[in-house]
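Atoms within each ligand, like the ligands themselves, are counted from 1 in listed order.
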Amino acid sequence: MHWLNRRGRCLAALATVALSLPLLPATVSQAAIAAPEPTTSAPYALVPQPVSQEAVKGKGFTLTAQTRITVLSKDAAAMGVGTYLARQLAPATGYSYRVATAPRAITRTVVLDPNGPEGLGAEGYTLVSGEEGVVVRAHGAEGLFRGVQTLRQLLPAAVESPTRQAGPWTVAPVRISDSPRYPYRGAMLDVARRFYPVEQVKRFIDQAATYKINTLHLHLTDDQGWRIAIDEIPSLTQVGASTQSGFTGGQGWYYSAADYKEIIAHAKSRFITVVPEIDGPGHTMAALASVPELNCDDKAKPPYSGFEVGISLYCLEDERHTANMSRFLSTVIKAVAELTPGPYIHLGGDETPQATSDQYAAYVKAATSETTAREKTVMGWHQLGQASIPSGSIMQFWGEEDDRESIGTAEETESIRFVRNGVAQGARFVMSPSDHAYLDMKYDVSTPYGLSWSGYVPVRRSYEWDPETSTAKPDGTGSIVPAQQIAGVEAALWADRAYEGSNALPTPATRWPEPSAYTDYMSFPRLPALAEVGWTPRSARDWKSFRQRLAQHGPRWTAAGIDYHPAPGVPWPGTVTVVEGPHSVETEGKALDNPGGSTRAGTALVMWAPNRGSNQTWTFTRQSDGLHTMTNKTSGMCADAGDGSGPVGTAVVQRPCTGEIGQRWKVTPLDDGEYTIASAASGFVLTAASATDGAKVTQQVDTGAALQRWSLE
Ligand code: ACM
């Protein structure tokens, strides 16, 4: 489908309110809960990182069989959050908590209070835990639910297990005040190319909810399948749902109205809004195979199970067929709108190379007028901006580096022009830049699934970007979308190539994982990274902190049965770090660089802004003595420290690889996932002179300085 793109706010007042706990019985220990003694660090491995958290001295609160969950409201939604928490805790702890609406117990209590102040918004919450209890407070049930996700993460990883585990179940003592940066934090499943049974969609909803995702975008239609039953057009599921990418002859590869309602109800119970996508006017082969009059020759196309992109278009060549398209969309959108309680209908609009602008406009007019007639907000890929769209529509940006590089030049890309048109029409934006937020991009060359047309997306790349600069020049200036028009972020898990060996087309011997296994591998750990981009203020985000927190989630996923990918660059507990292979060697935001891609022996290495170019790519090769050589990809030469006879401060250069001692480096992992790299010749460590472009790289005594701590990306 992607061929067009080839190649710390002030919370003091609220905290005070939260800590006064007026609805708690006075006998609850004030020392434990009401007056925690803050420490300065942000100690717990929470993802997304809360806006503010302070450790509290003391032991924390230990759940026992006698613990109560008390909801300070009879509101059904708030009670539902209490029940949800009880059910989450039950399998691993073995405790079956009843949820009470009145604080019968005065200690040993988990209090969920939906009567908190409005100031943190519908999704904000405060959480205070101390030796005698935990209080989660929010303005309504939704904020309580988000706070309960934080509470889960304050318990040991084993609490995520579906079977009984040994305790103790101690909630870390902490005081948190939190609310999201963006109101839209989405995840997309491509159920069109690969059909996800209802149970697997629900499983993904549960996973996403853990990270405070609040929107599930279902890509329900594409060339390879139509996945939602429309009563008035039964052929859409009889024919259009019989294929998937790589599979034909299926039955029931769609959601009946009852299935769809079940998904929506499950999502609602997790405070997640479902956004249905009916893609068009391209990506429509399944519709063209099901409804003859959508084709110019009035003949149905054969059902499609292949892997091409940009192969289909509703017939928009004459009035009769344009009217057929309008009637078809009217029926479909009416039915989908009636089944969908959420405010959005996603109308696709991507990848329609064959359409003239008039034809495209005719599609957008038909689709948007039906959507607004049903009182839904129009959503679409950013290409929708080329046409006239209702003000307040949401455009989903999926551009990449090429687009950002074109901003302000004489040759801005189509995508940038369409975004500009959308901004001018008052659209809001959900950012899904494909080079950061597309979960079907491979992590690296070894990823068995997915594609890499937008480059590899290692964990760090899924984390280190910002919505406010995703439509800005590469230096972060000149954003074409004003910050106030950004609604949020979405992680998109396409299923173009959801099989092993995905660089080539599948063969009969190809192994296809269950959709849930594909999802686990591609989303974990990158979905939590994107969730934090959407939730946490930019000022509270930091890769080094994130990767350490993220690493602690590995055992949680293992306990929960999520078959995650322990991707490089994250210090997963219990994993042996393998440094073998190509890396960008970075410290303090700069990369070890062979300047100008020199092929000269003796060129001194420098630091430069990371660019993932081959002159910054160093292949680590383990030698029989456990030391490593580092070979530059451009020059084929090795990083060389000399024979060790030089003084402290001797420059590191490149020389033809000989295997001599000056080219052997001792690579030592540190607790935080970084490394020291010491010369076997001198014993001194690789050291950047500063974090400026062109800074020298020398050997120095290891002082623990930041410029001697390297990450291997
Ligand atoms: C897209 O990736 N075609 C939205």
Side-chain angles (χ1 to χ4, degrees), residues 1-7 184 186-194 215-225 245 275-286 304 306-314 344-355 360 363-364 367 378-387 389 393-404 413-419 422 427 429-442 449-455 457 462 470-471 488-498 502 522-523 526 530:
M1 59 182 298
H2 304 114
W3 63 283
L4 281 182
N5 246 42
R6 213 61 25 181
R7 18 103 270 119
Y184 186 115
M188 189 203 82
L189 287 183
D190 178 2
V191 297
R193 292 194 180 80
R194 188 87 167 100
T215 308
L216 174 70
H217 169 180
L218 291 176
H219 183 70
L220 288 169
T221 72
D222 211 305
D223 293 320
Q224 294 86 350
S245 292
V275 177
E277 179 182 353
I278 306 296
D279 203 353
H283 292 281
T284 45
M285 197 65 95
Y304 185 72
F307 298 85
E308 297 295 310
V309 173
I311 54 172
S312 57
L313 191 69
Y314 292 136
Y344 309 112
I345 306 276
H346 197 301
L347 302 173
D350 56 325
E351 295 181 306
T352 54
Q354 315 93 319
Y360 190 88
Y363 165 78
V364 173
V378 168
M379 192 162 170
W381 300 106
H382 68 249
Q383 282 78 5
L384 220 55
Q386 70 193 280
I389 51 173
S393 297
I394 294 195
M395 282 168 49
Q396 187 169 4
F397 176 72
W398 59 285
E400 55 174 349
E401 195 63 22
D402 289 352
D403 300 304
R404 292 187 282 273
T413 61
E414 256 191 356
S415 289
I416 293 303
R417 285 188 281 118
F418 296 161
V419 169
F429 286 78
V430 166
M431 299 304 185
S432 301
S434 54
D435 50 355
H436 299 281
Y438 268 26
L439 297 178
D440 66 314
M441 293 297 110
K442 292 174 182 287
Y449 315 124
L451 290 166
S452 57
W453 58 262
S454 200
V457 181
S462 63
S470 55
T471 54
V489 172
E490 187 173 292
L493 179 53
W494 297 99
D496 294 46
R497 299 285 174 99
S502 61
M522 300 307 259
S523 309
R526 292 182 297 190
L530 291 154

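- Each of His217, His283, His219 was scored for a ring pair (Phe, Tyr, Trp, His ring centres under 6.0 Å) with Trp494, with one residue passing: His219.
- Looking at ligand 1, you'll find an N or O of Asp350 within less than 3.5 Å of one of its N or O atoms.
- Using a distance-only test at 3.5 Å, with no hydrogens or angles considered, no donor-acceptor pair links the side chain of Arg194 to the main chain of Asp190.
- Contact atoms of ligand 1 toward Tyr438: 1 (C), 2 (O), 4 (C) (distance under 4.0 Å to a heavy atom of the residue).
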Checklist entry - What's the verdict on salt bridge (Lys or Arg N to Asp or Glu O under 4.0 Å) for Asp496 and Arg193, showing C-alpha distance, side-chain angles and the deciding distance? => result CA-CA 6 Å; Asp496 294 46; Arg193 292 194 180 80; 3.5 Å; yes

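- Taking CG from Leu347 and CD1 from Ile278, the interatomic distance works out to 8.5 Å, rounded to the nearest 0.5 Å.
- In terms of N/O distances under 3.5 Å, ligand 1 is not approached by Trp398.
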